[in-house]
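Here is the structure we will look at.
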Amino acid sequence: MTEVDVPPFRYTAALADQIERRWQDRWEREGAFHAPNPSGPLADPAHPRSGAEKLFVLDMFPYPSGAGLHVGHPLGYIGTDCFARYQRMAGRNVLHAMGFDAFGLPAEQYAVQTGTHPRTTTVANIDRYRAQLRRLGLAHDQRRSVATIDTDFYRWTQWIFLQIFDSWYDREAGRARPVSELIAEFAEGSRPTPDGRPWSGLSAAERRAVVDDHRLAYVSQAPVNWCPGLGTVLANEEVTADGRSERGNFPVFKRNLKQWMMRITAYGDRLLDDLDKLDWPEPIKLMQRNWIGRSHGAHVDFPTPVAAIRVFTTRPDTVFGATYMVLAPEHELVDTLVPSAWPAGTRQAWTGGHAGPREAVEAYRKAAAAKTDVERQAETKEKTGVFTGAYATNPVTGGQIPIFIADYVLAGYGTGAIMAVPAQDERDWEFAEVFELPIVRTVQPPEGFDGRAYTGDGPAVNSAAPERGLDLDGLSVAEAKARIIAWLEETGNGQGAVTYRLRDWLFSRQRYWGEPFPIVYDADGAAIALPEEMLPVELPEVDDFSPRTFDPQDADSDPETPLSRRRDWVEVELDLGDGPKRYTRETNVMPQWAGSCWYEMRYLDPTNGARFVDADNERYWMGPRGEGDCGGVDLYVGGAEHAVLHLLYARFWHKVLYDLGHVSSFEPFRRLFNQGYIQAYAYTDARGAYVPAEEVAERDGGWFLGDVQVNREYGKMGKSLKNVVTPDEMCAAYGADTFRVYEMSMGPLEVSRPWETRAVVGSYRFLQRVWRAVVDERTGESRVTDDPADEQTRRLLHKVIDGVRGDMEQIRFNTAIAKLIELTNGVTRLSATPREVAEPLVLMVAPFAPHIAEELWQRLGHPTSLTYADFPVADPALLVAETVTYPVQVNGKVRGRIEVPADAAEEAVRSAALNAVVGVLAGREPRKVIVVPARMVSVVL
RNA sequence: GCGGGAGUGGCGGAAUCGGCAGACGCGAUAGGUUUAGGUCCUAUUGUCCGAAAGGAUGUGGGGGUUCAAGUCCCCCCUCCCGCACCA
């Protein structure tokens with residue numbers, strides 16, 4: 001491009017860059033986006049929004065990756081920024097800040113690769129992110145930026161951990177309470193101890209064990225997800241359906257290991273029920289509901305010669321149809337149940353070809369354990385299992401039913417044992433067919449039902465045991481359930497029960513780069529909370545911070561925590577109130593999710609050294625807006641991938657803090673909005689290798705790199721796919737404002753869409769036209785006139801103001817921008833731009849393109865930033881059209897048009913319409929004429 | 001398999017309450033500006049028939065309700081997401 005023909009005052013990328021940097025500096029200097037707190041050091045009574053209605057806008061804070069940002073990353077941040085800027089102009093006190101989720105696996109892996117300390121790389125990445133985000137003109141309150149790796153921050157993460165550790169869930173009260181109150185109840189005898197002995201009769205160790213069993217954070221020895229490739233254990237939520245780690249895609253194995261758990265299951269009901277209070281996308285709520293997986297049913301005991309087998313069933317009404325039982329292979333009763341020899345008459349098919357039941361069970365267990373989850377899934381069609389040689393008694397029929405083990409029953413759900421009712425359960429039906437087990441219908445299928453298992457509603461049949469005082473016949477499923485549960489409870493054969501799919505949250509990781517636990521162990525190995533004054537427990541420096549990782553397939557390897565190698569840190573002498581003693585520190589660290597469970601609250605009061613957040617400030621920014629309101633962040637924007645992980649964990653922590661009286665809101669995020677993703681095309685050559693996407697051209701219906709035809713695929717943007725486009729490139733080529741407008745205009749924020757660099761120019765042209773509406777690009781002089789606008793332009797302006805306001809409130813930025821383009825196109829035709837249009841146009845453009853808007857606002861004669869300028873308000877009188885054009889349909893097709901005064905009577909519209917289509921009617925008399933006021937006229941012949 | 005979401009021009013999308021389908025942008029075509037390309041400006045641009053006027057047709061497919069359906073109802077197809085033997 002030669003400079004010669006570009007008008008000297010045109011809005012070019014170079015000018016945009018100059019304007020943008022100038023305004024970014026000024027905003028920073030003036031603290032333009034500082035939001036005043038009601039109290040504390042961040043209070044500011046002189047602030048234009050002090051005491052105004054508050055609005056807390058939040059982004060899911062990023063993990064600062066070493067790869068930097070691509071154009072997809074800031075989509076949500078720009079969206080919240082446009083929303084926040086609009087709301088500020090609309091009069092609200094808006095809190096919008098950005099922090100960094102900087103602990104976690106990827107930081108550590110990257111550090112391992114580059115050989116530098118995770119803190120060094122993480123801090124450098126954060127700096128780079130900050131610079132990149134600043135370049136986009138995001139209006140964040142910089143004073144409130146926090147990073148989870150700051151000791152000032154994780155000191156409070158540890159503090160909250162201690163609150164959870166020092167709490168138990170009181171089921172009667174339906175909330176968490178301090179452990180001290182539990183001990184007091186035991187001590188005064190108002191709460192019986194588990195084994196009934198008086199509290200005073202328990203040894204110190206026994207008391208501690210009882211209390212530890214109640215804690216919301218506890219150590220357990222249980223099967224966990226061990227991932228040798230990552231050298232750490234993982235939460236259920238971090239393991240994919242095919243048994244691999246969500247991060248790194250390594251195999252995950254079940255191992256019995258001692259680990260920290262969080263009793264999130266205690267909150268199952270509230271996490272489920274409170275979803276109804278939230279303004280969240282329904283799919284996300286549904287995913288949480290499914291993940292929690294509450295099932296109502298009953299526990300039923302089936303006696304056997306050795307011990308009763310307790311099953312969980314959602315269909316206790318079908319117990320008369322229970323013709324066999326199945327235990328998970330790992331079920332604890334299997335070993336005691338199995339006799340030394342097959343009972344007389346055992347069918348060959350049930351034995352798996354083994355001479356005795358012990359061998360058969362042993363072989364089946366071995367085979368099941370050797371299968372990967374993928375293999376298990378592949379074989380789900382074919383039911384396998386083996387007879388244990390034992391029988392149980394059906395408590396309602398008194399019949400003897402065989403007990404099998406089979407891997408279609410999961411150890412981890414319910415009781416790990418089921419009563420099998422093939423007639424009313426498809427899985428049981430399949431198993432019954434394979435093993436030729438009896439099938440007894442206990443629900444009458446409807447006439448003509450030709451399926452196998454019938455799981456629908458219907459009258460109970462074959463379900464009476466008069467000698468036991470039980471008769472379900474004729475009852476519907478719901479009635480029969482109620483009747484049988486009452487019977488089970490009366491006779492002591494079981495009781496109504498609720499189970500959850502949700503498991504307790506595995507909270508420890510065998511890594512370096514995370515929050516240390518504020519926990520030490522005494523000589524007896526008991527976990528002891530460090531007192532608050534000893535926080536933070538700082539992450540110690542180590543020579544080798546990389547965790548020990550293993551052959552990803554080595555299921556028998558054992559985790560080794562990096563912190564355990566620092567013996568001088570692990571072994572510590574402390575005085576915890578009873579004199580100096582030797583203690584051993586916990587060497588696990590917290591999972592990545594810990595910091596994100598509460599970070600939004602630290603934004604509210606980032607400098608507070610006495611509390612994680614001041615109560616006043618929490619109540620102002622997040623408190624309930626009335627009776628029954630859950631409170632929380634007013635708008636939380638982020639990707640749907642956190643549907644169950646982060647969002648469930650954060651809700652759980654928040655509820656614990658609420659129960660303990662530390663916060664006034666009982667949900668952290670009142671409104672959730674899932675932004676879509678920016679996707680991209682990638683191209684591969686004949687060998688399948690990725691080629692640089694920016695060099696590929698489309699022609700003749702194909703894609704070519706030079707003369708070579710290449711394949712197109714659609715998906716993520718990534719370095720290895722050679723299709724990355726960065727915000728920096730876009731800022732350099734067009735300016736940040738153009739980039740922002742493009743991202744907001746390319747579609748609704750919640751929808752994923754492909755990136756198209758060549759389309760960015762459309763937004764560039766739009767801003768150039770806005771610029772030209774105010775500035776003569778040849779002379780640099782103002783093109784704004786103080787003469788009034790013509791009627792048409794004025795009406796257009798007010799229609800646009802009205803529409804844009806509505807769109808902004810509803811987060812429909814793409815249509816808001818379309819309206820602004822219409823308005824701009826409307827004034828570019830004019831020889832001069834009336835001030836009454838130019839000013840509102842600039843103000844309305846400001847949320848999307850804040851830099852150019854500030855610049856033009858200044859050129860319009862305003863010395864101060866437009867951050868707190870009033871967003872334009874439409875004049876209702878100008879929204880009402882003087883005349884209305886009605887399309888006139890005849891038999892559903894538009895045959896004419898009439899223009900009538902807006903206040904024309906219906907009869908007048910009707911006759912004008914008939915008049916307009918008189919030729920089409922050709923003398924025929926309409927059977928019906930429908931006038932829809934202000935819409936259309938429909939004539940039916 | 002179960003649950004959820006979505007299918008509209010060459011492309012991204014609009015149509016908010018059942019009321020003129022395709023706003024706005026990209027691309028394409030033509031013209032203006034320019035030495036030229038690019039930029040910028042103007043116009044056209046769903047498809048088919050037609051020189052035009054105009055007509056027909058059109059929102060994944062098939063039925064239906066209605067004066068009127070992208071929108072409501074029934075059946076089917078495709079794609080995306082979640083869960084995955086959860087008793």
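Lettering of chains follows the sequences in order, A, B, ..., and the numbering in each one begins at 1. Scope of the values below: all heavy atoms of this structure, side chains included, with no hydrogens, waters or symmetry mates.
Between A:Arg765 and B:C26, a side-chain N or O to OP1/OP2 separation shorter than 4.0 Å is present. At B:C41, one or more side-chain N or O atoms of A:Arg772 fall inside 4.0 Å of OP1 or OP2 (strictly under the cut-off). Taking only side-chain nitrogens and oxygens, A:Lys893 never comes nearer than 4.0 Å to OP1 or OP2 of B:A56.
In this structure, CE of A:Met287 is placed 7 Å from P of B:G82, rounded to the nearest angstrom. Between the CZ atom of A:Arg783 and the P atom of B:C41 there is a distance of 12 Å, given to the nearest Å. Rounded to whole angstrom, the span from the CZ atom of A:Phe404 across to the C1' atom of B:A87 amounts to 17 Å. A:Gln424 places its CD atom 22 Å from the P atom of B:C85, with the value rounded to the nearest Å. Look at CD on A:Glu777: it is 10 Å from C1' on B:U39, rounded to the nearest Å. As a whole-Å value, the separation of A:Leu767 CG from B:U39 C1' is 16 Å. At whole-Å resolution of the value, CE in A:Met744 and P in B:C26 are 18 Å apart. If you take CG of A:Leu796 and C1' of B:A23, they are 13 Å apart, rounded to a whole angstrom.
Within the 4.5 Å cutoff, side-chain heavy atoms of A:Val845 are placed close to those of A:Phe766. Within the 4.5 Å cutoff, side-chain heavy atoms of A:Pro281 are placed close to those of A:Leu672. Contact check for A:Tyr11 versus A:Glu777: no side-chain heavy atoms found under the 4.5 Å cut-off.
Taking the charged nitrogens against the carboxylate oxygens, A:Glu433 and A:Arg452 do have a contact shorter than 4.0 Å, which makes a salt bridge. Salt bridge status for A:Asp425 with A:Arg315: absent, with no side-chain N to carboxylate O gap under 4.0 Å. The existence of a salt bridge linking A:Lys285 and A:Glu282 is confirmed by a sub-4.0 Å separation between a basic side-chain nitrogen and an acidic carboxylate oxygen.
Rounded to the nearest Å, the gap between the C1' atom of B:U33 and that of B:A53 is 35 Å. Rounded to whole Å, the separation between the C1' atoms of B:C76 and B:G7 comes to 14 Å. Rounded to a whole angstrom, the distance from the P atom of B:G12 to that of B:G3 is 30 Å. Nucleotides B:G50 and B:A36 have their C1' atoms positioned 39 Å apart, rounded to a whole Å. For the C1' atom pair drawn from B:A68 and B:C77, the interatomic distance equals 28 Å after rounding to whole Å. Taking atom C1' in both B:C48 and B:U35, the straight-line distance is 43 Å, to the nearest Å. When the P atom is compared between B:G54 and B:G61, the two are found 29 Å apart, to the nearest whole Å. B:G70 and B:A15 have their P atoms separated by 15 Å, given to the nearest Å.
A:Lys285 comes within contact range of no nucleotide atom at all, as no heavy-atom separation falls under 4.0 Å. Among the heavy atoms of the strands lying under 4.0 Å from A:Ser295 are primed sugar atoms or P, OP1, OP2 only; no base atom is included. Backbone-only engagement by A:Arg769 is indicated by non-hydrogen atom pairs under 4.0 Å involving sugar-phosphate atoms exclusively. Among the atoms of the strands shown, none is found under 4.0 Å from any heavy atom of A:Asp428. Residue contacts shown for A:Ala759 are limited to sugar-phosphate atoms, with no base heavy atom under 4.0 Å away. Residue contacts for A:Arg895: at a heavy-atom cut-off of 4.0 Å it reaches the sugar-phosphate backbone alone, with no base atom in range.
A:Ile817 CD1 to A:Arg740 CZ: the interatomic distance, rounded to the nearest 0.5 Å, is 10.0 Å.
Comparing A:Ala417 and A:Gly762 against RNA chain B, the residue whose closest nucleotide sits nearer the 5' end is A:Gly762. Taking for each of A:Val760 and A:Thr828 the nucleotide of RNA chain B with the nearest heavy atom, the 5'-most of the two is the partner of A:Val760.
Remark: A:Arg651 is positioned above the aromatic ring of A:Trp280, its terminal NZ or CZ atom under 6.0 angstrom from the ring centre and at most 45 degrees off the axis.
Base pairing in RNA chain B gives the following stems of 3 or more Watson-Crick or G-U pairs, range against range and under 3.5 Å: B:1-7 with B:77-83, B:10-12 with B:24-26, B:27-32 with B:40-45, B:46-49 with B:54-57, B:60-64 with B:72-76.
For B:G82, the base is anti relative to its sugar; the glycosidic angle deviates from 0 by more than 90°. Taking the O4'-C1'-N9-C4 or O4'-C1'-N1-C2 dihedral as appropriate, B:C17 has a value within 90° of 0 and is therefore syn.
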- Test ring-ring contact (aromatic ring centres under 6.0 Å, His included) applied to A:Tyr734 and A:Tyr742, step by step: CA-CA 10 Å; A:Tyr734 299 103; A:Tyr742 175 65; 9.0 Å; no
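By the 6.0 Å contact criterion, CD on A:Glu332 is open, its count of non-hydrogen atoms from other residues, nucleotides or ligands being 12 or less.
Residue A:Leu841 comes nearest to A:Leu823 through the heavy atom pair CD1-CD2, 3.9 Å, listed as atom of the first residue, atom of the second, then distance.
Judged purely by atom type and a 3.5 angstrom limit, A:Trp771 has no side-chain atom pairing as donor or acceptor with the backbone of A:Thr12.
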Which protein N or O atoms sit under 3.5 Å from an N or O of nucleotides 1-7 of chain B?
none

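Aromatic rings from A:Tyr454 and A:Trp429 are positioned such that their centres are separated by 6.0 Å or more.
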- Message: I'd like to compare against my own output: the B/S/- annotation of nucleotides 8-20 of chain B with a strict under-4.0 Å heavy-atom distance to protein.
- Response: ----SSS-B--BB
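The one candidate from A:Asp317, A:Thr455, A:Asp457 that meets the side chain to side chain contact (heavy atoms under 4.5 Å, CB included) condition with A:Val443 is A:Asp317.
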